[in-house]
Amino acid sequence: MWASGSASATDRPPRSFSENLHMLDARHVSEHLDEVRAQLARRSPDDAALLDGVAELAKKRRELVQKTEKLQMERNAASDGMAALAKSGDREAMQARREELKKLSDEVKRGETALSELEAAISEKLLGIPNVPHASVPDGKTDADNPVLRVVGEVPKFDFKPKAHWEIGEALGILDLDRAAKLSGARFSLLFGAGARLERALATFMLDLHTREHGYTEVYPPFMVKAEALRGTGNLPKFEADLFKTYRGDPNDKDALYLIPTAEVPVTNVHAGEIIEADELPIAYAAYSPCFRSEAGSYGRDVRGLIRQHQFDKVEIVRFCAPEDGPAQLELLTGHAENVLKRLGLAYRVVEHVTADLTFSSTKSYDLEVWLPSQEAYREISSCSWFGDFQARRAQIRYRPEPKGKPRLLHTLNGSGLAIGRTWLAILEQFQQKDGSVLVPEALRAFMGTERLVPAK
RNA sequence: GGAGAGGUGACCGAGUGGUCGAAGGUGCAUGAUUGGAAAUCAUGUGUGCGGGCAACCGUACCGAGGGUUCGAAUCCCUCCCUCUCCGCCA
């Protein structure tokens with residue numbers, strides 16, 4: 001099932017970075033240009049074109065590094081000479097030498113400046129290039145090509161026309177989209193009574209399942225983060241328009257914070273810049289958070305109901321592991337997300353993203369799609385992804401394979417476990433009854449204190 | 001928000017212009033000693049980049065960014081963060 005990279009992966013291991021291919025660092029790209037181009041072409045021709053110029057820049061950089069370091073070496077040697085002169089107290093000799101060294105020093109500075117500019121240009125280019133698909137990912141042009149891997153649970157049959165969740169929710173008096181719009185505009189929601197309680201129950205239920213049965217450590221992260229954190233996960237620089245940005249006084253504040261689009265961002269960056277010992281892996285975190293998305297470019301889609309909101313709740317599961325464990329960890333994590341649906345008794349299916357449907361940072365992804373009777377369709381409720389070392393490189397998250405060994409980039413994974421708003425609406429739709437009530441899933445009854453939602457009188 | 005003190009290697013901590021990638025200690029690793037362990041002694045112990053088959057060599061990094069200087073962990077500027085006291089506050 002898992003084709004392990006392409007043949008050239010083993011031909012010649014790259015010197016400075018991890019051996020796998022899910023990486024876009026300048027050295028790897030310039031040494032395996034055709035191969036990386038072919039991999040990106042599986043996503044789209046446009047993505048492959050993003051590589052243009054990278055190899056040349058990398059080569060230029062190497063030359064400049066060598067030139068500059070040679071100058072630095074000369075300068076350092078000369079400075080040692082000056083130290084000796086200073087000791088001898090020969091002021092005139094020092095003065096003369098100083099003139100000469102000034103020139104050398106200026107040259108060093110020019111080199112250093114040119115080098116840092118070039119490196120900035122390279123990293124700007126690389127930051128805009130998406131991850132390469134894993135060899136096992138099927139080719140495809142749109143999400144319609146995504147293969148269905150399995151269908152789980154029984155799609156409910158109704159002897160009446162099933163209502164949409166917003167109709168059910170409003171009739172029960174637990175959902176009020178009109179008043180939400182009064183407060184905050186379109187794509188916000190307002191829950192009352194059992195509706196609000198259901199939202200809270202789902203968050204608690206999911207966190208309990210992941211922490212007690214799946215071995216995750218619960219994390220409560222900040223809901224606002226720096227641009228740096230978003231760069232680590234791959235949301236920036238390319239997807240700024242999808243985010244809500246906050247500022248204090250100055251709209252152009254360099255240190256402006258962003259509202260998180262998912263807990264993936266703060267939780268993945270928990271270990272940014274760190275070196276983790278091998279015996280600490282895998283690390284597994286589960287976090288509840290609200291998520292904020294501007295939904296730019298989605299006008300006209302899912303305008304009704306709770307499917308697509310500017311603010312929604314989600315429990316996110318995140319894993320850090322050694323590279324060789326990546327594939328197995330993706331299966332494991334996906335299973336954990338699926339368990340939530342199974343425990344709730346919701347009918348769903350699992351699809352795999354084809355190459356063209358992969359998100360920017362992902363090397364392989366599965367979506368869990370829940371059945372929505374009102375739409376007679378499966379809709380995404382969780383996306384489970386393996387990022388290879390793509391995020392780890394951007395956020396500099398490494399581990400030490402051997403106690404004294406060289407650090408290597410680790411692999412990151414995450415998945416929704418699950419999107420709470422969509423779970424909420426799926427429960428209303430799948431468990432709706434002819435009389436307008438909604439059966440509460442067994443697993444939630446203790447939290448909800450009832451087995452049935454009925455209109456508040 | 002006001003006043004003050006600080007940010008140095010895994011940790012503690014010295015270092016106010018050249019001999020500092022950085023004393024000393026702790027921790028850790030290896031070896032010696034021991035029946036075994038403790039204690040003791042010796043040696044070693046950061047990361048990135050460039051070169052090299054390698055041993056290794058070079059270079060950069062002492063919160064971040066800029067400046068002064070032939071030369072900056074050390075001097076100057078800006079910013080960030082932490083701590084203490086005061087004020088305010090869920």
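No experiment lies behind these values; they were computed from the predicted model shown. The sequence lines fix the lettering, A, B, ..., with proteins before strands; numbering per chain opens at 1.
Counting only N and O atoms by type, the side chains of A:Arg75 and A:Gln72 include no donor and acceptor under 3.5 Å apart. Side-chain polar atoms of A:Ser44 and A:Asp46 form no donor-acceptor pair below 3.5 angstrom.
Using a 4.0 Å heavy-atom criterion, one finds that A:Lys67 contacts no nucleic acid atom at all. Backbone-only engagement by A:Met73 is indicated by non-hydrogen atom pairs under 4.0 Å involving sugar-phosphate atoms exclusively.
Seen from the ring of A:Phe387, A:Arg393 does not count as a face-on cation partner, given the 6.0 Å and 45° thresholds.
Scored by the side chain to side chain contact (heavy atoms under 4.5 Å, CB included) test, A:Thr246 finds A:Met224, A:Leu257, A:Leu259 as partners (sequence neighbours excluded).
Evaluation of the ring pair (Phe, Tyr, Trp, His ring centres under 6.0 Å) test over residues 235-278 of chain A, restricted to residues two or more places apart or in two chains, returns A:Phe239-A:Phe360, A:Phe244-A:His310, A:His271-A:Tyr285, A:His271-A:Phe320.
Here B:A60 presents its P atom at 12 Å from CG of A:Leu115, a figure rounded to the nearest Å. Spacing between atom CZ of A:Arg75 and atom P of B:G18 amounts to 16 Å, rounded to whole angstrom units. Here the C1' atom of nucleotide B:A29 and the CD atom of A:Glu402 are 14 Å apart, to the nearest Å. Put simply, CZ on A:Arg27 is 8 Å from C1' on B:G50, counting in whole angstrom units. As rounded to whole Å, 16 Å separates atom C1' of B:G71 from atom CG of A:Leu71.
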Shorter than 3.5 Å, N or O on both sides, protein versus nucleotides 43-45 of chain B: list them out with atom names.
unit_1 : atom_1 : unit_2   : atom_2 : d
B:U45  : O2'    : A:Lys404 : NZ     : 3.4

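The neighbour count for A:Gln95 CD, taken as heavy atoms of other residues, nucleotides or ligands under 6.0 Å away, is above 12.
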